[in-house]
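I have placed the structure first, in the form of C-alpha coordinates, so that the comments after it can refer back to it.
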Amino acid sequence: MTTPIRAWPELDYQSLAPTAQTLHLWSQVIGKVRLARTPWINHSWQVTLHISARGLATPLIPADGVSFALEFDFVDHALVIRVTDGHERQIALRPGSVADFYAAVMDQLSSLGVATRIDPRPNEMAQAIPFADDVAPRPYDPDQAARLWRAMVQIERVFTRFRSGFHGKASPVHFFWGSFDLAVTRFSGRRAPPHPGGVPNLPDEVTREAYSHEVSSAGFWPGGSGVDTPSFYAYAYPTPAGFAEAVVSPGGAYFEPRLGEFLLPYDDVRTAPDPDAALLAFLRSTYDAAARLGGWDRAALECEEGRPGVPP
(Lines give C-alpha, C1' and ligand atoms only; values in the text may rest on other atoms or scores of the structure.)
Protein backbone atom coordinates (compact mmCIF):
# COMPACT_ATOMS: atom_id res chain seq x y z
CA MET A 1 0.00 0.00 0.00
CA THR A 2 1.20 3.51 -0.77
CA THR A 3 -0.14 6.92 0.18
CA PRO A 4 -0.73 10.09 -1.82
CA ILE A 5 2.18 12.52 -1.94
CA ARG A 6 0.00 15.10 -0.18
CA ALA A 7 0.20 12.94 2.95
CA TRP A 8 3.88 13.82 3.28
CA PRO A 9 4.00 17.45 4.48
CA GLU A 10 6.66 19.91 3.37
CA LEU A 11 9.35 20.50 6.01
CA ASP A 12 11.50 23.60 5.62
CA TYR A 13 14.52 23.42 7.91
CA GLN A 14 14.80 27.15 8.59
CA SER A 15 11.11 27.32 9.53
CA LEU A 16 11.10 24.07 11.48
CA ALA A 17 14.38 24.26 13.41
CA PRO A 18 13.40 26.77 16.14
CA THR A 19 10.27 24.83 17.11
CA ALA A 20 12.10 21.49 16.82
CA GLN A 21 14.78 22.75 19.21
CA THR A 22 12.09 23.75 21.70
CA LEU A 23 10.37 20.38 21.41
CA HIS A 24 13.71 18.61 21.83
CA LEU A 25 14.11 20.18 25.28
CA TRP A 26 10.46 19.74 26.27
CA SER A 27 10.53 16.09 25.22
CA GLN A 28 13.55 15.52 27.46
CA VAL A 29 11.51 16.62 30.46
CA ILE A 30 8.76 14.15 29.55
CA GLY A 31 11.17 11.35 28.69
CA LYS A 32 12.96 11.73 32.00
CA VAL A 33 9.68 11.24 33.83
CA ARG A 34 9.42 7.84 32.18
CA LEU A 35 13.12 7.17 32.88
CA ALA A 36 12.63 7.86 36.59
CA ARG A 37 9.79 5.35 37.02
CA THR A 38 10.28 2.55 34.48
CA PRO A 39 12.53 -0.52 34.92
CA TRP A 40 15.52 -0.53 32.59
CA ILE A 41 14.99 -2.46 29.37
CA ASN A 42 17.77 -3.37 26.95
CA HIS A 43 19.20 -0.55 24.82
CA SER A 44 17.24 2.08 26.82
CA TRP A 45 14.00 1.04 25.14
CA GLN A 46 12.11 1.80 28.36
CA VAL A 47 12.50 5.57 27.94
CA THR A 48 11.29 6.16 24.39
CA LEU A 49 8.19 7.94 23.13
CA HIS A 50 5.86 6.67 20.41
CA ILE A 51 3.90 8.23 17.57
CA SER A 52 0.22 8.55 18.51
CA ALA A 53 -2.95 9.58 16.73
CA ARG A 54 -2.41 13.13 18.00
CA GLY A 55 1.32 13.52 18.54
CA LEU A 56 4.07 11.95 20.67
CA ALA A 57 3.22 9.92 23.76
CA THR A 58 4.61 7.74 26.51
CA PRO A 59 3.15 4.32 27.24
CA LEU A 60 1.68 3.84 30.71
CA ILE A 61 4.09 4.75 33.52
CA PRO A 62 3.60 2.99 36.91
CA ALA A 63 3.16 5.16 40.01
CA ASP A 64 2.13 3.78 43.42
CA GLY A 65 -0.98 1.82 42.53
CA VAL A 66 -1.97 3.83 39.47
CA SER A 67 -0.36 4.46 36.11
CA PHE A 68 -0.22 7.58 34.00
CA ALA A 69 0.78 8.70 30.51
CA LEU A 70 1.90 11.95 28.95
CA GLU A 71 1.14 12.99 25.38
CA PHE A 72 2.19 15.93 23.24
CA ASP A 73 -1.06 16.68 21.40
CA PHE A 74 -0.13 18.46 18.17
CA VAL A 75 -3.78 18.81 17.13
CA ASP A 76 -4.94 20.91 20.09
CA HIS A 77 -1.35 21.87 21.05
CA ALA A 78 -1.29 20.78 24.65
CA LEU A 79 0.66 18.39 26.82
CA VAL A 80 -1.99 16.04 28.20
CA ILE A 81 -1.34 14.05 31.40
CA ARG A 82 -3.82 11.23 32.05
CA VAL A 83 -3.97 9.00 35.14
CA THR A 84 -5.72 5.65 35.31
CA ASP A 85 -7.89 6.92 38.20
CA GLY A 86 -9.67 9.11 35.64
CA HIS A 87 -7.98 12.44 36.37
CA GLU A 88 -6.38 14.55 33.66
CA ARG A 89 -4.46 17.80 33.29
CA GLN A 90 -3.42 19.85 30.26
CA ILE A 91 -0.58 22.30 29.73
CA ALA A 92 -0.86 24.57 26.70
CA LEU A 93 1.98 24.34 24.19
CA ARG A 94 3.02 27.91 23.41
CA PRO A 95 6.16 30.06 23.27
CA GLY A 96 7.96 30.25 26.60
CA SER A 97 10.98 29.12 28.54
CA VAL A 98 12.06 25.58 29.30
CA ALA A 99 12.04 26.55 32.97
CA ASP A 100 8.35 27.46 32.81
CA PHE A 101 7.47 24.24 30.98
CA TYR A 102 9.46 22.14 33.47
CA ALA A 103 7.79 23.84 36.44
CA ALA A 104 4.32 23.36 34.94
CA VAL A 105 4.92 19.64 34.32
CA MET A 106 6.24 19.06 37.84
CA ASP A 107 3.32 21.00 39.35
CA GLN A 108 0.68 19.11 37.39
CA LEU A 109 2.21 15.72 38.15
CA SER A 110 2.13 16.63 41.84
CA SER A 111 -1.49 17.79 41.62
CA LEU A 112 -2.43 14.44 40.10
CA GLY A 113 -0.74 12.48 42.88
CA VAL A 114 2.09 11.19 40.69
CA ALA A 115 4.88 13.61 41.64
CA THR A 116 8.14 12.50 40.04
CA ARG A 117 11.70 13.68 40.67
CA ILE A 118 13.81 13.64 37.51
CA ASP A 119 17.41 14.25 36.52
CA PRO A 120 17.18 18.03 35.91
CA ARG A 121 19.69 18.32 33.04
CA PRO A 122 19.24 17.48 29.34
CA ASN A 123 21.25 14.64 27.80
CA GLU A 124 23.11 14.37 24.49
CA MET A 125 23.52 18.16 24.24
CA ALA A 126 26.80 20.03 24.47
CA GLN A 127 25.17 22.81 26.50
CA ALA A 128 23.26 21.05 29.26
CA ILE A 129 21.56 23.94 31.04
CA PRO A 130 19.44 22.62 33.94
CA PHE A 131 15.76 22.83 33.03
CA ALA A 132 14.95 25.09 35.97
CA ASP A 133 17.69 27.53 34.93
CA ASP A 134 16.85 27.67 31.21
CA VAL A 135 14.83 30.88 31.30
CA ALA A 136 15.52 32.04 27.72
CA PRO A 137 12.33 32.53 25.66
CA ARG A 138 11.72 29.66 23.23
CA PRO A 139 9.54 29.76 20.12
CA TYR A 140 6.70 27.36 19.39
CA ASP A 141 4.99 27.39 15.99
CA PRO A 142 1.90 25.14 16.02
CA ASP A 143 1.99 24.67 12.26
CA GLN A 144 5.62 23.51 12.28
CA ALA A 145 5.02 21.15 15.19
CA ALA A 146 2.02 19.63 13.40
CA ARG A 147 3.99 19.26 10.17
CA LEU A 148 6.79 17.40 11.95
CA TRP A 149 4.30 15.06 13.62
CA ARG A 150 2.41 14.39 10.37
CA ALA A 151 5.69 13.57 8.64
CA MET A 152 6.54 11.09 11.40
CA VAL A 153 3.10 9.49 11.08
CA GLN A 154 4.01 8.54 7.51
CA ILE A 155 7.57 7.58 8.40
CA GLU A 156 6.44 5.36 11.29
CA ARG A 157 4.15 3.47 8.91
CA VAL A 158 6.97 2.77 6.42
CA PHE A 159 9.47 1.93 9.17
CA THR A 160 6.98 -0.60 10.56
CA ARG A 161 6.63 -2.24 7.15
CA PHE A 162 10.42 -2.49 6.90
CA ARG A 163 10.69 -3.89 10.43
CA SER A 164 8.25 -6.69 9.55
CA GLY A 165 10.77 -8.26 7.14
CA PHE A 166 13.04 -9.50 9.92
CA HIS A 167 12.79 -12.63 12.10
CA GLY A 168 15.68 -11.65 14.33
CA LYS A 169 15.73 -9.21 17.21
CA ALA A 170 14.45 -5.81 16.12
CA SER A 171 13.54 -2.70 18.06
CA PRO A 172 10.11 -1.13 18.08
CA VAL A 173 9.72 1.95 15.90
CA HIS A 174 10.23 4.54 18.61
CA PHE A 175 11.29 8.11 19.30
CA PHE A 176 14.44 8.87 21.27
CA TRP A 177 14.16 12.19 23.08
CA GLY A 178 17.89 12.44 23.75
CA SER A 179 18.86 12.53 20.08
CA PHE A 180 15.37 13.66 18.99
CA ASP A 181 14.91 11.06 16.27
CA LEU A 182 12.53 8.32 15.20
CA ALA A 183 14.43 5.04 14.82
CA VAL A 184 14.21 1.34 14.03
CA THR A 185 17.07 -1.10 14.60
CA ARG A 186 17.92 -4.64 13.52
CA PHE A 187 20.38 -6.87 15.42
CA SER A 188 22.70 -9.58 14.10
CA GLY A 189 22.56 -11.48 17.40
CA ARG A 190 26.30 -11.13 18.03
CA ARG A 191 28.00 -9.10 20.74
CA ALA A 192 29.67 -5.87 19.64
CA PRO A 193 33.00 -4.46 20.82
CA PRO A 194 32.64 -1.91 23.64
CA HIS A 195 31.46 1.45 22.33
CA PRO A 196 33.99 4.25 22.92
CA GLY A 197 31.32 6.50 24.42
CA GLY A 198 31.88 10.23 24.42
CA VAL A 199 28.30 11.33 23.69
CA PRO A 200 27.85 14.79 25.27
CA ASN A 201 26.24 14.65 28.71
CA LEU A 202 25.42 10.96 28.50
CA PRO A 203 27.15 8.42 30.77
CA ASP A 204 29.39 6.10 28.77
CA GLU A 205 27.83 3.06 30.43
CA VAL A 206 24.47 4.04 28.91
CA THR A 207 26.00 4.27 25.43
CA ARG A 208 27.86 0.97 25.86
CA GLU A 209 24.70 -0.84 26.95
CA ALA A 210 22.80 0.65 24.01
CA TYR A 211 25.43 -0.69 21.58
CA SER A 212 26.17 -3.97 23.35
CA HIS A 213 25.27 -5.96 20.22
CA GLU A 214 25.84 -5.50 16.50
CA VAL A 215 23.22 -3.32 14.83
CA SER A 216 22.01 -1.91 11.58
CA SER A 217 19.95 1.16 12.48
CA ALA A 218 17.93 3.67 10.51
CA GLY A 219 15.94 6.71 11.46
CA PHE A 220 14.72 10.22 10.81
CA TRP A 221 15.54 13.50 12.48
CA PRO A 222 14.63 17.09 11.67
CA GLY A 223 18.21 18.15 10.99
CA GLY A 224 21.04 19.70 12.93
CA SER A 225 24.71 18.94 13.65
CA GLY A 226 25.65 20.63 10.42
CA VAL A 227 22.95 18.91 8.35
CA ASP A 228 20.58 21.72 7.47
CA THR A 229 17.71 19.66 6.14
CA PRO A 230 15.39 17.08 7.71
CA SER A 231 16.94 13.74 6.81
CA PHE A 232 16.82 9.99 7.05
CA TYR A 233 19.95 8.24 8.28
CA ALA A 234 21.38 4.74 8.39
CA TYR A 235 24.47 3.35 10.09
CA ALA A 236 25.99 0.12 11.38
CA TYR A 237 27.80 -0.56 14.63
CA PRO A 238 30.47 -1.72 14.43
CA THR A 239 30.96 -0.24 10.97
CA PRO A 240 32.07 -3.05 8.63
CA ALA A 241 34.91 -2.48 6.19
CA GLY A 242 33.63 -1.06 2.91
CA PHE A 243 30.36 0.27 4.35
CA ALA A 244 31.08 3.89 3.45
CA GLU A 245 31.74 2.91 -0.16
CA ALA A 246 28.60 0.80 -0.57
CA VAL A 247 26.18 1.72 -3.34
CA VAL A 248 22.77 2.47 -1.84
CA SER A 249 19.43 3.75 -3.10
CA PRO A 250 17.77 6.02 -4.06
CA GLY A 251 20.08 8.32 -6.01
CA GLY A 252 19.99 11.18 -3.51
CA ALA A 253 21.44 9.09 -0.68
CA TYR A 254 25.07 9.73 0.30
CA PHE A 255 27.58 8.83 2.98
CA GLU A 256 28.46 11.61 5.43
CA PRO A 257 31.97 10.85 6.78
CA ARG A 258 31.72 13.29 9.67
CA LEU A 259 28.69 11.45 11.06
CA GLY A 260 29.66 7.99 9.82
CA GLU A 261 26.18 7.51 8.37
CA PHE A 262 24.30 7.39 5.10
CA LEU A 263 21.86 10.29 4.74
CA LEU A 264 18.86 10.87 2.51
CA PRO A 265 17.10 14.26 2.53
CA TYR A 266 13.45 14.06 3.56
CA ASP A 267 12.50 16.13 0.52
CA ASP A 268 13.91 13.45 -1.80
CA VAL A 269 11.33 11.08 -0.35
CA ARG A 270 8.48 13.58 -0.13
CA THR A 271 8.80 14.62 -3.78
CA ALA A 272 9.44 11.14 -5.20
CA PRO A 273 6.73 9.66 -7.48
CA ASP A 274 6.27 6.96 -4.82
CA PRO A 275 7.53 8.21 -1.41
CA ASP A 276 7.03 4.84 0.29
CA ALA A 277 9.12 3.07 -2.34
CA ALA A 278 11.87 5.68 -2.13
CA LEU A 279 12.16 5.36 1.64
CA LEU A 280 11.99 1.56 1.53
CA ALA A 281 14.79 1.54 -1.04
CA PHE A 282 16.97 3.50 1.37
CA LEU A 283 16.12 1.28 4.34
CA ARG A 284 16.64 -1.96 2.43
CA SER A 285 19.82 -0.99 0.60
CA THR A 286 21.60 0.41 3.66
CA TYR A 287 20.63 -2.64 5.71
CA ASP A 288 21.82 -4.88 2.86
CA ALA A 289 25.21 -3.17 2.92
CA ALA A 290 25.53 -3.55 6.70
CA ALA A 291 24.41 -7.19 6.77
CA ARG A 292 26.36 -8.28 3.69
CA LEU A 293 29.63 -6.60 4.66
CA GLY A 294 29.18 -7.53 8.33
CA GLY A 295 28.66 -11.22 7.57
CA TRP A 296 25.23 -11.52 9.21
CA ASP A 297 23.40 -14.87 9.08
CA ARG A 298 20.77 -13.45 6.79
CA ALA A 299 19.06 -16.76 6.01
CA ALA A 300 18.21 -17.15 9.69
CA LEU A 301 17.32 -13.51 10.32
CA GLU A 302 15.30 -12.31 7.34
CA CYS A 303 11.78 -13.07 6.14
CA GLU A 304 9.20 -11.65 3.76
CA GLU A 305 7.62 -8.39 4.84
CA GLY A 306 4.44 -8.94 6.81
CA ARG A 307 0.95 -8.53 5.41
CA PRO A 308 -2.12 -7.56 7.44
CA GLY A 309 -3.99 -10.63 8.69
CA VAL A 310 -1.59 -13.14 7.06
CA PRO A 311 0.71 -15.18 9.38
CA PRO A 312 4.22 -15.68 8.02
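In this text, all values refer to a predicted model and were calculated from it rather than measured experimentally.
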* Asked: With Ser179, which residues qualify under side-chain hydrogen bond (donor to acceptor under 3.5 Å, both in side chains), at least two apart?
  -> Asp181
* Verify whether one side chain among Gln108 and Ser111 offers a donor that lies under 3.5 Å from an acceptor in the other. => yes
* Take Thr116 and Arg37 through the side-chain hydrogen bond (donor to acceptor under 3.5 Å, both in side chains) test and state the conclusion after the steps. => CA-CA 8 Å; Thr116 304; Arg37 287 189 170 273; 2.8 Å; yes
* To do: Among residues two or more places apart or on two chains, list those pairs meeting ring-ring contact (aromatic ring centres under 6.0 Å, His included) that have a residue in residues 88-122.
  => Trp26-Phe101, Tyr102-Phe131
* Asked: What do the steps show when you test Tyr237 against His195 for ring-ring contact (aromatic ring centres under 6.0 Å, His included), and what is the final call?
  -> CA-CA 9 Å; Tyr237 182 79; His195 194 282; 5.0 Å; yes
* Atom CZ of Arg307: over 12 foreign heavy atoms under 6.0 Å -> no
* Report whether Leu109 and Leu25 are members of the same hydrophobic cluster (ILVMFWY, side-chain heavy atoms less than 4.5 Å apart, transitive linking). => yes
* Does the side chain of Trp40 reach to within under 4.5 Å of the side chain of Val206, using non-hydrogen atoms? -> yes
* Asked: What do you reckon, is CZ of Arg117 surrounded by more than 12 foreign heavy atoms closer than 6.0 Å?
  -> no
* **Interatomic spacing from CD in Gln14 to CG in Asp228 - rounded to 0.5 Å** => 6.5 Å
* Asked: Can a donor-acceptor pair be found between the side chains of Thr185 and Ser217 at a distance below 3.5 Å?
  -> yes
* Asked: Between the side chains of His43 and Tyr211, does any donor sit under 3.5 Å from an acceptor?
  -> no
* Can you find a side-chain donor-acceptor pair between Ser52 and Glu71 that sits under 3.5 Å? -> yes
